[in-house]
*Asks:* 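One structure is given below, represented as structure tokens, and several questions about it will come after.
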Amino acid sequence: MSFKPANNIQDLQYFGEFGGVNPSISDSSTYTFLSAKTMFDTFEGNTDGCYLYSRHTSPSNLYLGEALAAMEGTETANVSGSGMGAITPTLLQLCGAGDHIVSSRTIYGGTYAFLKNFTPRMQIQTTFVDITKLDIVEASITKNTKVLYCETVSNPLLEVADIKGLAAIAKKHNLKLVVDNTFSPLSISPAKLGADVVIHSLTKFINGSSDTMGGVVCGTNEFITELKSVIDGASMLLGSSMDSLRSSSILKNMRTLHIRMKQHSKNATYLAHKFEQDGLKTVYPGLASHPSHNLFKSMINEEYGFGGMLTIDVGSLDKANALMELMQERNLGYLAVSLGFYKTLFSAPGTSTSSEIPEEEQIEMGLTDGLIRFSIGLDNDIERSYQMMKDCMIELDIL
Ligand code: PLP
């Protein structure tokens, strides 16, 4: 029998120490040992079930990590204080001086800046490629390449990576395929398609209430243990740990993720079709016009849909700004970066989340000035939201 991802979350059962229906929050940064020998063994990484210090791990962080590993179908997971706090230690654990990364060129601006500007200081070089062209990806691999890096659905252009195809290339060349699945939780399960490591910014859909940062690395027991090693583990030593209070709140929010994702997808699908019918240049993986629509369909866990992210191009930055301001004024959403909130969020990526990418590279990858990225909210009446958005566009001569 095959299980759906949500069933794995559904089947988790944790109790608090007094029988509470939620696990107790471990409100401690450090832990006692009954014997000095056990403390020594724990430092050496030899004592399962003993807690040492909360930067290493805590019971609350383990509960959340287990739920995320169950969702992604990996052996285990390690949560972190932010999405970047998951991405940067993963790449630094896998690569050292002289190593090389082949990365999608359309990725979150912060990850791009890390690979382009920061890791070269450590003699780690990255080649940025069009991830949808598997022949180009393979041709970019050198004898020093250690990692293939991509986002399942890319930020902000919503390009879709062929995870199975990339996994085959990674396997052939003995590389690790690291996939950021922030835009498509539940809809796509990269590890089940062959990714070695799956990362999320929990700040987005998974937590879903825009009240905290968070991240996770999902992978094998071996890799996660390496990341947490007190001797040379990048997560442990760089210190991007999550606080237990936050992990317990994210765990509670995560229980409604499957319901929220269905509603985000339903609303985004409705709007994408309407915008496209109105003649707007609309990008949404659920549209037949999306170049990777069939690829997404071949990877999808169908019931969760094509996700909550879409883009439209309104022709110029001035128009994009005017539209976003008007939509905010009419309470159709917020002019804000980030995604996965109950309210629709919109921003112009060229001047915000992707501004780390130089202008000429933005042009080359098709990131135009008039592009608006939408994270579609959980509106109960999306038909009304659409009508009101359309009115704004008519008023501003966009339609
Ligand atoms: N990955 C993607 C796809 C993102 O959109 C973001 C943030 O916008 C990140 C990673 C970074 O996550 P965080 O802001 O939680 O550090």
Side-chain angles (χ1 to χ4, degrees), residues 64 68 72 77-92 101 103-116 118-119 128 131 147 149-161 163 178-188 190 195 197-218 234-235 238-243 246-247 249-250 253-254 261 264 283 285 307-311 334-341 345-357 365 367 371-376:
L64 177 61
L68 289 158
E72 286 298 357
N78 186 41
V79 295
S80 52
S82 70
M84 288 308 286
I87 293 165
T88 54
T90 296
L91 295 173
L92 294 178
I101 296 171
S103 168
S104 167
R105 61 182 185 177
T106 56
I107 49 175
Y108 167 59
T111 314
Y112 180 88
F114 178 67
L115 291 174
K116 175 107 177 166
F118 196 91
T119 49
F128 294 97
I131 204 74
V147 167
Y149 184 87
C150 68
E151 294 171 2
T152 319
V153 178
S154 77
N155 182 4
L157 293 176
L158 311 183
E159 286 178 353
V160 179
I163 306 293
V178 179
V179 178
D180 179 340
N181 200 30
T182 300
F183 274 32
S184 45
L186 292 176
S187 295
I188 294 180
V197 179
V198 182
I199 292 178
H200 283 276
S201 164
L202 305 178
T203 317
K204 315 292 162 42
F205 288 105
I206 292 181
N207 182 57
S209 51
S210 293
D211 56 355
T212 184
M213 315 282 312
V216 69
V217 184
C218 304
S235 288
L238 294 172
S240 58
S241 310
M242 177 174 276
D243 183 75
R246 275 312 186 186
S247 51
S249 74
I250 295 172
N253 284 1
M254 200 186 147
M261 285 318 296
H264 284 300
V283 175
M309 303 302 294
L310 66 85
T311 67
Y334 296 137
L335 204 181
V337 297
S338 202
L339 38 132
F341 198 37
L345 302 178
F346 29 79
S347 55
T351 50
S352 60
T353 50
S354 298
S355 53
E356 294 91 338
I357 302 172
M365 61 177 69
L367 216 170
L371 197 76
I372 303 179
R373 184 187 82 174
F374 285 79
S375 163
I376 305 300

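Quantities reported herein were computed from a predicted structural model and do not represent experimental measurements. Values reported hereafter were calculated over all heavy atoms of this structure, with side chains retained and with hydrogens, waters and symmetry mates removed. We count ligands from 1, going down the list as the structure has it; atoms in each ligand are counted the same way.
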*Asks:* Out of M213, M242, R246, which residue meets the side-chain contact (heavy atoms from CB on, under 4.5 Å) rule with L202?
*Replies:*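 Option passing the side-chain contact (heavy atoms from CB on, under 4.5 Å) with L202: M242.
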
*Asks:* Where do P185 and F205 come nearest, in terms of heavy atoms and distance?
*Replies:*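 Nearest pair, atom of P185 first, then F205: CG-CB, 3.8 Å.
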
*Asks:* Say whether N155 and R373, considering side chains only, have a donor N or O and an acceptor N or O under 3.5 Å apart.
*Replies:*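 Result is yes, a qualifying pair exists.
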
*Asks:* Are N207 and T212 close enough that a side-chain donor and a side-chain acceptor fall under 3.5 Å?
*Replies:*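 The answer is no; no qualifying pair exists.
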
*Asks:* What's the spacing between F183 CZ and L158 CG if we round to 0.5 Å?
*Replies:*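 Reported to 0.5 Å precision, the distance equals 6.5 Å.
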
*Asks:* May I have every N or O pair linking ligand 1 to the protein at under 3.5 Å, one per line with atom names and distance?
*Replies:*
residue	atom	partner	partner atom	Å
ligand 1	1 (N)	D180	OD2	2.6
ligand 1	5 (O)	N155	ND2	3.0
ligand 1	8 (O)	K204	NZ	2.6
ligand 1	12 (O)	S201	OG	3.1
ligand 1	15 (O)	G83	N	2.8
ligand 1	15 (O)	S201	OG	2.8
ligand 1	15 (O)	T203	OG1	2.6
ligand 1	16 (O)	G83	N	3.0
ligand 1	16 (O)	M84	N	2.8

*Asks:* Counting N and O atoms only, with roles assigned by atom type, does the side chain of S82 sit under 3.5 Å from a partner on the main chain of G85, one being a donor and the other an acceptor?
*Replies:*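 Yes.
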
